[in-house]
S.K.: 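Structure provided below as structure tokens; questions to follow.
In what follows, every heavy atom counts, from backbone to side chain, and hydrogens, waters and symmetry copies are set aside. As the structure is a computational prediction, the values presented were derived from the model and not from experiment. First the proteins, then the strands, lettered A, B, ... as listed; each starts at 1.
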There are 4 protein chains.
Amino acid sequence: MPAATTKREDILQSALTLFAERGFDATTIPMIATDAKVGAGTIYRYFENKEVLVNTLFQHYVSLFRQTLEHQYPSDQGIREQFHHLFQGMIRFTNEHDHALYFIKTHNASYFLNEESRGEFHRLLMILEHFLDEGKNKKQIRLLPSKALIAIMFGGFLELYKLIRAGEIEASEALLAGVEESCWDAVRHHS
Amino acid sequence: MPAATTKREDILQSALTLFAERGFDATTIPMIATDAKVGAGTIYRYFENKEVLVNTLFQHYVSLFRQTLEHQYPSDQGIREQFHHLFQGMIRFTNEHDHALYFIKTHNASYFLNEESRGEFHRLLMILEHFLDEGKNKKQIRLLPSKALIAIMFGGFLELYKLIRAGEIEASEALLAGVEESCWDAVRHHS
Amino acid sequence: MPAATTKREDILQSALTLFAERGFDATTIPMIATDAKVGAGTIYRYFENKEVLVNTLFQHYVSLFRQTLEHQYPSDQGIREQFHHLFQGMIRFTNEHDHALYFIKTHNASYFLNEESRGEFHRLLMILEHFLDEGKNKKQIRLLPSKALIAIMFGGFLELYKLIRAGEIEASEALLAGVEESCWDAVRHHS
Amino acid sequence: MPAATTKREDILQSALTLFAERGFDATTIPMIATDAKVGAGTIYRYFENKEVLVNTLFQHYVSLFRQTLEHQYPSDQGIREQFHHLFQGMIRFTNEHDHALYFIKTHNASYFLNEESRGEFHRLLMILEHFLDEGKNKKQIRLLPSKALIAIMFGGFLELYKLIRAGEIEASEALLAGVEESCWDAVRHHS
DNA sequence: CATGAATGAGCCTTCATTCAT
DNA sequence: AATGAATGAAGGCTCATTCAT
């Protein structure tokens, strides 16, 4: 017994998967429709056009990711604990929303994103930048540009996750803990 | 007196730039033709179709990158020196072939790559894997899956380079040295 | 207490207005439904499809117009009185059914009209032809093909009415009398 | 041996015929392509889109018609001679460009016409208005709004021509002379 | 009966690819 | 060999029509 607007969810889910796997340009509306088991025209009942669909998707997941990172953020604890919180956030978010983070990563600089999407993404970066800047002030994070450090964290984790998704390596607790440690070492200040 | 097949080179060069900047799907044959200053039909004298063109391009640069990494590889030196060699290779390659590494990174998992392209890319990964496996044996590299470590190195450097290309940060010597150090710390074994 | 099939009337009324203002092809079923304040599906309870709807509408108003012209037709009076009757009929009909005559005029040669619609329109022309043929016999109407004269009357009046509807000129008594006189002069026999 | 850009002409010719017969909205690009014996895509080599095509067509024929009316205009002669000149212009233009005048008449108030098209059409009306206003000043034309008189002339002639085109009546010299006389009587001042 | 969500045929348009020159 | 005009398959999108509620 499908809930009221299952179709909208189905469309978003199919679009997310396909955009993540093939990219926006290589994903056609008929592909999404087929995958979501709806007629092509139905997509236009829920989204004005293909660009509105990506932007909706993008904003939704960026916002959700940001909330995940912000939720119970341990501001009063040490930098390492904060890093752990962020890293766990990435993992949790990725586990809950399979293709979302990869989609965000591969589409965050795309020509079709509107102001709101860019703004939402910017807000996400702000959280990470703020964390890093604080850490740099306390000499606990390397004195590299925040964006470069974010790139390393993000890039590393996502390339890793791509491998996990492809089934090439397994996502054990130990592995994830190890990768967190690795990323932390990449980012932290070494005396 | 232009070399016999300057046109082929021109086409490849234009395709590289455009694929890197806009992506394969958003780049049209007429765009490439215009940029290369040849007729659209001419492209089909040198490449059977658009997919053959990307695959040719991809294989060419992946191979070149691999050769860059292999060239004068300091097998007889310490692990840190080897890492430095690899990292410098990335930088040198990127400096010599402006868009190539970014193109490789953004297209290495694409639906249109054929077996040979995937194979070539795999061969590239092998070099890095070999380096890491050796290091792990010697307890000088973290005991994480090589592919995960590669992902971190690759991902980090390339996300960084994206920022450099976008003009958001400057590619100073110090920055690159700092990033190398950061990546090394991500990868090396900590006692 | 609304009559049994108010909805059918509402639909026809909305369709008339929209077809007259935008034309058949540029008018969508949802537009008609919205204007008539019914669901889109409801239209299909009363009309098999869009073409049946136009044809119904066309036949209805052509028939009504014919009846208006025939009503109290002064067969026993002079040709000028008969002309006046016809001209007044056009005016009266147009006043009572705002968009109807314009709709008839702009759609009477359309590809989507069926045999019955064409027949009904033909019957309308017959009245005018009969009037003209009589007049020609009595040497009171020009010896031009009836259809040509009809075209002049019809064409002139309707182009005029278009201007009135567009608000470019005002529909004063004097103007209408003047136009009637003009049309009459176009049609009558000049010794 | 087709001239350099026969295709452009073919497309315009086919579009003119189809727009006149079915109207802009009911005419599809594939229809035009089939009629012009070109591929659908070819139309877009010559016209940016369907709207540009109609506007090009509209401006071309309105301009041509205006030139026909202006050519050797007998300003120095009497009002009746001027009327004759204009009427002959309509006939000549219609004979030379079969569907053009009907196309102009049925599309001159359409939503898809751009400023330039509207301007061109306005210029055409100016000629006729100027003729009528002069005549009214000299008490040789009825004191009805110029636009109403134009409507009568235009409307009458075109409805007539529609019949001729449909083969329902024949376009003999005598007929045309008679219709001209009829229109003139509709328009001229009767003392 | 009435509704409007859902559908898919078909439209406009783009672009990879062909081929006459 | 090189070109670019021509093509038509395919994509995004609209809307007449259906049908479950």
Side-chain angles (χ1 to χ4, degrees), chain A residues 4-8 10-11 24-34 36-53, chain B residues 4-8 11 24-34 36-53, chain C residues 4-5 7-8 11 24-34 36-53, chain D residues 4-8 10-11 25-34 36-53:
Chain A
T5 331
T6 295
K7 280 185 203 284
R8 190 174 190 278
D10 291 349
I11 292 164
F24 175 77
D25 288 308
T27 301
T28 71
I29 292 287
M31 275 177 199
I32 298 170
T34 302
K37 298 194 209 316
V38 296
T42 302
I43 292 175
Y44 291 86
R45 286 196 66 71
Y46 295 99
F47 305 97
E48 209 178 319
N49 56 47
K50 199 184 168 188
E51 295 213 351
V52 167
L53 173 56
Chain B
T5 16
T6 292
K7 282 185 199 291
R8 189 173 190 279
I11 292 165
F24 174 76
D25 291 297
T27 302
T28 70
I29 293 287
M31 275 176 199
I32 298 171
T34 301
K37 299 194 209 317
V38 297
T42 304
I43 291 175
Y44 288 84
R45 294 222 141 266
Y46 295 99
F47 306 96
E48 207 179 321
N49 57 45
K50 198 183 170 189
E51 295 215 348
V52 167
L53 173 56
Chain C
T5 15
K7 282 185 197 291
R8 191 174 189 278
I11 292 165
F24 174 76
D25 291 298
T27 302
T28 70
I29 292 288
M31 275 177 199
I32 298 171
T34 302
K37 299 193 209 317
V38 297
T42 304
I43 291 176
Y44 288 84
R45 293 222 143 268
Y46 296 98
F47 306 96
E48 206 179 322
N49 57 45
K50 198 183 170 190
E51 294 215 349
V52 167
L53 173 56
Chain D
T5 330
T6 295
K7 280 186 202 284
R8 191 173 189 279
D10 291 349
I11 292 165
D25 289 308
T27 302
T28 70
I29 292 287
M31 276 177 197
I32 298 171
T34 301
K37 298 193 210 317
V38 297
T42 304
I43 292 175
Y44 291 85
R45 286 197 66 71
Y46 295 99
F47 305 96
E48 209 177 320
N49 57 46
K50 198 184 169 190
E51 294 214 350
V52 167
L53 174 55

S.K.: Starting at atom CZ of C/Phe47, determine the distance to atom P of E/dA2, rounded to an integer number of angstrom.
M.R.: 12 Å
S.K.: Looking only at atom types and distance, does a side-chain atom of B/Lys50 sit under 3.5 Å from a main-chain N or O of B/Phe24, one as donor and one as acceptor?
M.R.: yes
S.K.: Does a nitrogen or oxygen in the side chain of C/Tyr46 sit under 4.0 Å from OP1 or OP2 of E/dC1?
M.R.: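 For E/dC1, OP1/OP2 do not have a side-chain N/O of C/Tyr46 under 4.0 Å.
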S.K.: On DNA chain F, check which nucleotide each of A/Phe24 and B/Val38 is closest to and give me the residue with the more 5' one.
M.R.: B/Val38
S.K.: What contact category does C/Thr27 fall into here, base, sugar-phosphate, or nothing, at under 4.0 angstrom with non-hydrogen atoms?
M.R.: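 Sugar-phosphate: the residue C/Thr27, judged by heavy atoms under 4.0 Å, touches backbone atoms but no base.
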S.K.: For F/dA20, what is the paired nucleotide under Watson-Crick or G-U wobble rules, both distances under 3.5 Å?
M.R.: E/dT3
S.K.: Which one, E/dT17, F/dT3, F/dG12, comes nearest to the side chain of B/Lys7?
M.R.: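 Side chain of B/Lys7 sits closest to F/dT3.
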S.K.: Give the rounded distance in Å between these two atoms: CG of B/Asp25 and C1' of F/dA10.
M.R.: 14 Å
S.K.: My understanding is that a pair needs two contacts under 3.5 Å, Watson-Crick or G-U wobble. By that rule, which nucleotide pairs with F/dA10?
M.R.: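 Paired with F/dA10, as far as the under-3.5 Å criterion goes, is E/dT13.
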S.K.: Looking at the side chain of C/Arg45, which of E/dA2, F/dA5, F/dG12 is the nearest nucleotide?
M.R.: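 My answer, after comparing the listed nucleotides, is E/dA2.
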S.K.: CZ/D/Arg45 to CD1/D/Ile11 distance, rounded to the nearest 0.5 angstrom?
M.R.: 10.5 Å
S.K.: Measure from NZ on C/Lys50 to C1' on F/dT18 and round the result to the nearest Å.
M.R.: 17 Å
S.K.: Please tell me if C/Tyr44 has a side-chain N or O lying less than 4.0 Å from either OP1 or OP2 of E/dG4.
M.R.: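 Looking at the OP1 and OP2 atoms of E/dG4, neither is under 4.0 Å from any side-chain N or O of C/Tyr44.
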S.K.: For C/Met31 and F/dT14, give me the distance from atom CE to atom P, rounded to whole Å.
M.R.: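 Answer to the nearest Å: 12 Å.
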S.K.: Could you say whether C/Ile43 or D/Glu51 is positioned toward the 5' end of DNA chain E, judged by the nucleotide with the nearest heavy atom to each?
M.R.: C/Ile43
S.K.: What heavy-atom pair brings D/Ile32 and D/Leu53 nearest, and what distance separates the two atoms?
M.R.: CD1-CD2, 4.0 Å
S.K.: So which atom in B/Asn49 and which in B/Tyr44 form the shortest heavy-atom distance, rounded to 0.1 Å?
M.R.: CA-CE2, 3.8 Å
S.K.: Looking only at side-chain atoms of D/Ile29, point me to the closest of F/dT17, E/dC15, E/dT13.
M.R.: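 Nearest to the side chain of D/Ile29 among the choices is E/dT13.
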S.K.: On DNA chain E, nearest-nucleotide positions of C/Thr42 versus D/Ala40: which is more 5'?
M.R.: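 On the 5' side of the pair lies C/Thr42.
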S.K.: For D/Ile11 and F/dA6, what is the distance between atoms CD1 and C1' respectively, to the nearest whole Å?
M.R.: 10 Å
S.K.: Looking at E/dG8, which nucleotide sits across from it as a Watson-Crick or G-U wobble partner, both distances under 3.5 angstrom, or is there none?
M.R.: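 Matched E/dG8 with F/dC15 under the 3.5 Å cut-off.
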S.K.: On DNA chain F, check which nucleotide each of C/Glu48 and A/Gly41 is closest to and give me the residue with the more 5' one.
M.R.: A/Gly41
S.K.: List the atom of A/Ala40, the atom of A/Ile29, and the distance in Å for their closest heavy-atom pair.
M.R.: O-CG2, 4.2 Å
S.K.: F/dC13 P sits how many Å from D/Asn49 CG, rounded?
M.R.: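 One finds 16 Å between P of F/dC13 and CG of D/Asn49, rounded.
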